[in-house]
**Student:** 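This is the structure, below, for whatever I ask next.
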Protein chains: 2
Amino acid sequence: MNVVNDSPRRKELTRVAAQLFVQEGFDRTTVRMLAQEMGIKSGSLFHHFRDKQEILCAVIEEGTQNALTIAKESLAQCENTPEARLHAMARAHLETLLTDRNAHVVALYEWRRLDEASREHLIHLRDAYEALWQSVIADALEAGLIRGDKFLVSRFVLGALNWTVRWYDPAGQRSPEELARELIAMMTAHGH
Amino acid sequence: MNVVNDSPRRKELTRVAAQLFVQEGFDRTTVRMLAQEMGIKSGSLFHHFRDKQEILCAVIEEGTQNALTIAKESLAQCENTPEARLHAMARAHLETLLTDRNAHVVALYEWRRLDEASREHLIHLRDAYEALWQSVIADALEAGLIRGDKFLVSRFVLGALNWTVRWYDPAGQRSPEELARELIAMMTAHGH
DNA sequence: CATTCACACTAGCGCTTGCTTGGTTACGAT
DNA sequence: ATCGTAACCAAGCAAGCGCTAGTGTGAATG
């Protein structure tokens with residue numbers, strides 16, 4: 001039992017775990033399934049991670065960190081208007097959710113499976129991501145682009161986006177970018 | 001093993017199961033936990049249900065049926081305008097989700113845990129509920145109250161509503177009715 | 001008064017789970 | 001040539017899992 005925290009091998013294994021967690025859910029994924037998919041035996045798994053819980057923790061950290069990074073990049077590259085910024089956020093969110101199809105989904109859907117210690121360790125990262133969303137939404141509200149309470153709008157928008165995981169078909173013709181555009185159009189369709 | 005399908009006792013047990021499934025999730029809920037909460041021994045459980053899967057099936061059927069019934073009642077009682085009907089649906093949805101706090105939540109969040117046979121048995125009921133939503137949304141679109149693609153809008157709206165389970169605080173000051181109103185206001189806020 | 005029935009109990013089987021142990025291999029640095 | 005270390009394996013343990021078998025009730029039914 002000789003857990004290393006930042007080996008490149010560990011990153012690799014984390015990616016595999018993320019995929020399985022999305023496919024089966026955390027509880028139904030056994031360490032034997034994880035090991036098999038990783039091409040090692042189940043005992044070897046505990047050389048890289050202290051326990052199963054730590055694998056979940058690593059996946060969620062990866063997923064949230066990734067979403068935060070990509071969101072910031074998107075904001076840096078887009079036009080500096082409230083609408084463009086809102087669109088950039090929604091698009092980035094959907095792409096990490098639907099295209100990667102792994103770590104970010106786990107971060108959203110398996111959060112409850114974290115124990116108290118892991119939750120405490122990750123909550124700051126999650127808060128940072130949500131704060132970014134809220135600032136973008138606050139700007140859009142101030143500019144009169146959309147309406148409502150800052151927190152409520154954030155939660156409704158994120159809810160609509162997060163739920164796409166349940167019905168989105170990657171083989172379908174709609175791209176994440178298109179979905180983001182449609183959602184914003186729905187909220188900003190002002191009278192004629 | 002003498003499973004009865006429509007006993008009143010079974011209804012009672014189903015209610016208890018729903019609460020536990022919401023609290024812990026289906027996978028983490030053991031038959032021993034269920035039995036204890038029901039005030040019987042784990043072996044006795046299988047007099048009422050063939051297996052654990054059948055308990056989930058009963059809960060989800062109950063939750064969806066209930067949501068459908070209440071939605072229809074709400075529609076029958078409200079004004080016959082697209083906006084009032086939309087509001088009635090959203091309110092009914094949130095109330096079965098946040099006030100009951102059990103069977104309907106399980107229906108939404110544990111659907112994936114159903115085996116093929118159960119899913120096939122329940123899919124028609126679920127389709128009926130979603131069809132009702134889509135007809136109300138189609139009317140609102142036709143009346144120009146909201147904008148977008150019928151299916152996309154349905155999914156975004158239901159996503160926003162379903163996600164409330166994750167953050168709603170029943171001890172807070174906002175009622176389901178208020179949430180429903182705010183969501184619709186967000187989508188129908190036409191410019192000045 | 002005998003039988004049936006719904007409902008509950010005790011006891012435990014067969015299996016899977018997360019995790020541990022003690023030891024082996026591959027390989028770059030010394 | 002030797003050593004250190006990261007990576008892996010075979011084997012298995014203790015606990016917990018869903019579920020079954022067989023039995024005991026007290027109330028309703030004939």
Side-chain angles (χ1 to χ4, degrees), chain A residues 1-60 106 110 112-119, chain B residues 1-60 106 110 112-119:
Chain A
M1 190 194 327
N2 194 0
V3 179
V4 186
N5 261 339
D6 278 331
S7 85
R9 182 84 178 113
R10 191 173 141 130
K11 284 273 173 210
E12 243 178 279
L13 300 181
T14 303
R15 257 195 43 251
V16 175
Q19 197 205 324
L20 257 175
F21 286 165
V22 170
Q23 225 173 84
E24 305 285 332
F26 176 72
D27 288 330
R28 295 219 162 166
T29 306
T30 68
V31 295
R32 285 166 178 80
M33 291 164 65
L34 286 165
Q36 183 162 17
E37 209 71 15
M38 292 166 175
I40 57 178
K41 299 294 172 180
S42 73
S44 315
L45 222 163
F46 296 91
H47 170 75
H48 302 278
F49 303 92
R50 196 190 332 273
D51 52 26
K52 194 189 173 194
Q53 182 68 210
E54 198 180 272
I55 307 179
L56 177 62
C57 195
V59 171
I60 292 188
V106 176
E110 305 289 350
R112 289 180 49 193
R113 299 305 161 209
L114 287 171
D115 59 25
E116 201 51 50
S118 307
R119 225 196 303 254
Chain B
M1 191 194 326
N2 192 2
V3 180
V4 186
N5 262 340
D6 278 332
S7 84
R9 182 88 177 110
R10 192 173 140 128
K11 284 272 173 210
E12 243 178 279
L13 300 181
T14 304
R15 257 195 43 250
V16 175
Q19 198 206 323
L20 257 175
F21 287 165
V22 170
Q23 226 173 83
E24 305 285 332
F26 176 72
D27 288 330
R28 296 219 162 166
T29 305
T30 68
V31 294
R32 286 166 178 79
M33 291 164 65
L34 285 165
Q36 182 162 18
E37 208 71 16
M38 292 164 175
I40 57 179
K41 299 295 172 180
S42 74
S44 314
L45 222 163
F46 296 90
H47 171 75
H48 303 277
F49 303 91
R50 196 187 335 273
D51 52 26
K52 194 188 172 194
Q53 182 69 210
E54 198 181 271
I55 307 180
L56 178 61
C57 194
V59 171
I60 292 187
V106 176
E110 305 289 349
R112 289 179 49 192
R113 300 306 162 208
L114 287 171
D115 59 26
E116 201 52 50
S118 306
R119 227 195 303 253

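Naming: A, B, ... by sequence-line order, numbering from 1 per chain. FYI, side chains are in, hydrogens and waters are out, and symmetry mates aren't considered; it's all heavy atoms of this structure.
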**Student:** For a side-chain contact (heavy atoms from CB on, under 4.5 Å) with B/Thr29, tell me which candidate from B/Glu24, B/Gln23, B/Glu110, B/Gln19 qualifies.
**Tutor:** B/Glu24
**Student:** Just compare C/dT20, D/dG18, D/dC8 and give me whichever is closest to any side-chain atom of A/Ser44.
**Tutor:** D/dC8
**Student:** Report yes or no: is the cationic atom of B/Lys52 (NZ for Lys, CZ for Arg) under 6.0 Å from the centre of the six-membered ring of B/Phe46, at an angle within 45° of the ring normal?
**Tutor:** no
**Student:** How close or far is atom P of C/dG18 from atom CZ of A/Arg113, stated in whole angstroms?
**Tutor:** 14 Å
**Student:** Taking only side-chain N and O atoms of B/His47, does any of them lie within less than 4.0 angstrom of OP1 or OP2 on C/dC7?
**Tutor:** yes
**Student:** Is A/Arg9 close enough to D/dC8 that one of its side-chain N or O atoms is under 4.0 Å from OP1 or OP2 there?
**Tutor:** yes
**Student:** Using whole Å, what does the distance between atom P of nucleotide C/dC9 and atom CG of B/Leu45 come to?
**Tutor:** 10 Å
**Student:** So, using side chain to side chain donor-acceptor pair (under 3.5 Å) as the criterion, who are the partners of A/Asp115 when residues are at least two apart?
**Tutor:** A/Ser118
**Student:** Can you tell me the distance, in whole Å, between the CZ atom of A/Arg10 and the P atom of D/dC8?
**Tutor:** 14 Å
**Student:** Identify which one of A/Val16, A/Leu20, A/Leu13 satisfies the side-chain contact (heavy atoms from CB on, under 4.5 Å) criterion when paired with A/Leu34.
**Tutor:** A/Leu20
**Student:** Measure the distance from CG on B/Asp27 to C1' on D/dG16 and round it to the nearest whole Å.
**Tutor:** 15 Å
**Student:** Atom CG of A/Leu13 and atom C1' of D/dA7: how far apart are they, to the nearest Å?
**Tutor:** 11 Å
**Student:** Whole angstrom is fine here: how far is it from CD1 in A/Ile40 over to C1' in D/dC9?
**Tutor:** 10 Å
**Student:** Closest-nucleotide mapping onto DNA chain C: is A/Phe26 or B/Gly43 further toward the 5' terminus? I mean the 5' end.
**Tutor:** B/Gly43
**Student:** Are OP1 or OP2 of C/dA8 and a side-chain N or O of B/His48 less than 4.0 angstrom apart?
**Tutor:** yes
**Student:** Nearest to the side chain of A/Thr30, which nucleotide is it out of C/dT17, C/dC19, C/dA8?
**Tutor:** C/dT17
**Student:** B/Gln36 has an atom CD; how far is it from atom P of D/dG16, in whole Å?
**Tutor:** 14 Å
**Student:** Does a distance-only test, which skips hydrogens and angles, find a donor-acceptor pair under 3.5 Å between the side chain of B/Arg32 and the base of D/dG16?
**Tutor:** no
**Student:** Without swapping roles, check the side chain of B/Arg10 against the backbone of B/His48 for a donor-acceptor pair under 3.5 Å.
**Tutor:** yes
**Student:** How long is the line joining NZ of B/Lys52 and C1' of D/dG16, in whole Å?
**Tutor:** 12 Å
**Student:** Side-chain N or O of B/Lys41 versus OP1/OP2 of C/dA8: is the shortest distance under 4.0 Å?
**Tutor:** no
